[in-house]
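What follows is a short report on a single structure.
What you are looking at is a predicted structure, and each value in this text was computed from that prediction instead of being measured.
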Amino acid sequence: MSTYELTLILQPEMTEEEADVLIDKLGVDVTGRQKLGKRMFAYPINKQKEGNYILCDIKAPTQVLKDLDHKLRHDERIVRYLLIENNVN
């Protein structure tokens, strides 16, 4: 199982509880979660000027990543996301 860092930008009107439920339903083992709060964008994204930033450390097998990418891409509450492999040994 590999470790990954997932950065999510969620719609600004989402509450912390809704964000927690969304992250828990992703189907991966979340080992860490850091809420960075609401921040302004440098330019509008999907007519939004700000978003809630959340940084998650996750563990997942490589086979799950395709399904995770599909979930993240098609959820309207997620403005943007970035998933990178964490190579810290």
Salt bridge (charged side-chain N to carboxylate O under 4.0 Å, His left out) filter on Lys35, not counting sequence neighbours, yields Glu16, Asp20
Any ion pair linking Asp75 and Lys71 (charged N to carboxylate O, less than 4.0 Å)? no
From the list Thr31, Asp29, Asn86, side-chain contact (heavy atoms from CB on, under 4.5 Å) partner of Thr3 resolves to Asn86
Q. Does Glu5 reach the side chain of Cys56, with side-chain heavy atoms less than 4.5 Å apart?
A. no
One should read off an interatomic distance between Glu13 CD and Arg77 CZ, to the nearest 0.5 angstrom, of 11.5 Å
* Any side-chain heavy-atom pair from Arg33 and Asp24 closer than 4.5 angstrom? -> yes
Answer yes or no: is there a side-chain heavy-atom contact under 4.5 Å between Asn52 and Gln11?
no
Exercise. State whether the side chain of Gln48 and the backbone N or O of Ile45 hold a donor-acceptor pair below 3.5 Å, judged by distance alone.
Key: no
Here the gap from Ser2 atom OG to Lys59 atom NZ, rounded to the nearest 0.5 Å, amounts to 10.5 Å
* Asked: What do you reckon, is CD of Glu76 surrounded by more than 12 foreign heavy atoms closer than 6.0 Å?
  -> no
Tracing side-chain contacts under 4.5 Å among Ile, Leu, Val, Met, Phe, Trp and Tyr outward from Leu68 reaches Tyr4, Leu6, Leu8, Leu10, Met14, Leu22, Ile23, Leu26, Val28, Val30, Ile54, Ile58, Val64, Leu65, Leu72, Ile78, Tyr81, Leu83
Only residue of Ile84, Leu36, Leu55 satisfying side-chain contact (heavy atoms from CB on, under 4.5 Å) with Thr7 is Leu55
So CZ of Phe41 and CZ of Arg80: to nearest 0.5 Å the spacing works out to 8.0 Å
